[in-house]
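A short worksheet on the structure shown next.
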Amino acid sequence: MFALQFAPVQGHTDAAYRHFHSQVYGASQSYYTPFIRLEKNSVRQRDMKDLKSELNQNLHLIPQIIFRDKTELKSLIDILKESGEKEIDLNMGCPFPLQTSHGRGAATILNETLAQDVVEVIESNPDIIFSVKLRLGLQEPDEWEKLLPYLNKVNLTHITLHPRVAKQQYGGSVDLDQFDAFLQESKNPVLYNGDLHTPEDIEETIKKFPRIQGVMMARGILGRPSVFKEYSEGSEWDKNSRIDKMLEFHRLLFNHYSSVLCGETQILSKIKPFWEYAEEEIGRKAWKSIKKASNISKYQTAIAMI
C-alpha cells in the first residue's frame, strides 16, 4: 500500500494539531511526533506528554528520536519501549545547525562508528519496528553512500529521503539524480520527501520514481492540509472547498487551545503558526493581517478576510 506520511514540524504539529487534522481530513496518513531527544540525560517531559496525549488515540503515530551516539540511541529506545511503543523512527536527517553542530540529525550520516552502532542496536531490538529519515548528506550530495551499506544490513519499514544536503536547509534545488541513485541501491523501501505541495506534485513524483513506496510531507500539508485527502480521492478540490475545510480545521483547533490555555497571548502564540505556510492558499492580505494581529479581536477580523 502506498504510504502517506505526515512529517513533524516543531511548534506546529502537536497532539492537538494531529488530532483535529485527522478528524477533518480522515486518518489515511501516518503521523510522526516532533523529534524526541535527551536533555541532561533524560527525555524532555513535554516530548513525552505530547507522545502520550489522549488526543493521539485512533491515529497511527510514530515517535521520532534524534541522537548523537550509541548511548543516546539506546537510552531513547529503552525509554520508549518502557512506555509501550512498538515503532520508532530514527531522525538522521535534521538539517538545523543547532542539532548538526552537536553531531545529531544529518551530521550522523558521516559518523561511521555510529552507523555500525545503529545496525547493532536495531538488531538487538527485534520487537521494535524501525524506520529512518535521511538527507543526502551534511555538505555533499553523495555522502549517503557511506551510510547506506550499513542500513542495507537491517530490515526497516522504510527510509524517507529528502534529496537535499543539510547546508541547503530548505532552499536551492532537490537533487533528483542522487535520489534515484539512492533508490536503486537501497534494499529497504524508500519514501520521497521534499517540495511536495499538491496532489499533482505527488503524482509527478510517482511517475519519475515508480519504485517509491510512499511520500512524506510537512510544510506542504501545513499550507494545504487537504492535500493527502485530495490525493486519496483522486481529484483536486477547488479552492473554495479547500478553504472551507481549512477554516473548519482551524475553528476546532482554536476552540481547543482556547479551552486549555490561559490568556490571549498564549492562545495567539499557539494558533497563529497554523497559517505560517498558508500564504498562497489564503491570500497575502489575510496572511499579513493574521501575522500582525495583536489580540483575539484583531485575529478574528483577519480570519474573516479569508
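- Linking Ile, Leu, Val, Met, Phe, Trp and Tyr whenever their side-chain heavy atoms come within less than 4.5 Å puts Ile122 and Trp144 in one cluster.
- Among residue pairs with one or both ends in residues 113-124, those qualifying as side chain to side chain donor-acceptor pair (under 3.5 Å) are Lys70-Glu120; sequence neighbours excluded.
- Between Glu204 and Lys207 there is a salt bridge, since a side-chain N of the basic residue sits under 4.0 Å from a carboxylate O of the acidic one.
- Aromatic ring centroids of Phe209 and Phe179 lie under 6.0 Å apart.
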*asked:* Using the rule given for side chain to side chain donor-acceptor pair (under 3.5 Å), can you reason through Glu280 versus His197, listing the C-alpha separation, both sets of side-chain angles and the distance that settles it, and then say yes or no?
replied: CA-CA 11 Å; Glu280 184 175 343; His197 301 281; over 6 Å; no

*Start with the C-alpha distance between Thr100 and Thr108, add both sets of side-chain angles, then the distance that settles side chain to side chain contact (heavy atoms under 4.5 Å, CB included), and finish with yes or no.*
CA-CA 8 Å; Thr100 59; Thr108 61; over 6 Å; no

*Give the C-alpha distance, both sets of side-chain angles, the deciding distance and a yes or no for side chain to side chain contact (heavy atoms under 4.5 Å, CB included) between Ser83 and Met48.*
CA-CA 9 Å; Ser83 72; Met48 293 304 292; 4.1 Å; yes

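- Take Phe20 and apply the ring pair (Phe, Tyr, Trp, His ring centres under 6.0 Å) test, not counting sequence neighbours, and it matches His256.
- Using a 30° and 60° split on the angle between ring planes, His21 and Tyr17 fall in the parallel class, below 30°.
- Applying the ring pair (Phe, Tyr, Trp, His ring centres under 6.0 Å) test between Phe274 and each of Tyr299, Phe249, Phe254 identifies Phe249 as the sole match.
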_Stepwise salt bridge (Lys or Arg N to Asp or Glu O under 4.0 Å) test for Lys146 and Glu112_ = CA-CA 8 Å; Lys146 299 178 175 67; Glu112 189 170 353; over 6 Å; no

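- A salt bridge links Glu236 with Arg224: the distance from a Lys NZ or Arg NE/NH1/NH2 to an Asp or Glu carboxylate oxygen falls below 4.0 Å.
- A 6.0 Å sphere centred on CZ of Arg46 holds no more than 12 heavy atoms belonging to other residues, nucleotides or ligands.
- Residues Val132 and Ile62 fall into different hydrophobic clusters, defined by Ile, Leu, Val, Met, Phe, Trp and Tyr side chains chained together at heavy-atom separations under 4.5 Å.
- Under the side-chain hydrogen bond (donor to acceptor under 3.5 Å, both in side chains) test applied with Asn193, the options Arg164, Arg135, His162, Gln5 reduce to a single match, His162.
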_As a quick check of understanding, evaluate salt bridge (Lys or Arg N to Asp or Glu O under 4.0 Å) for Lys208 and Asp180, giving each step before the final call._
CA-CA 9 Å; Lys208 289 175 185 172; Asp180 189 51; over 6 Å; no

_Verdict with reasoning, Glu72 to Arg104, per salt bridge (Lys or Arg N to Asp or Glu O under 4.0 Å)_ = CA-CA 10 Å; Glu72 286 193 352; Arg104 300 185 182 93; 2.9 Å; yes

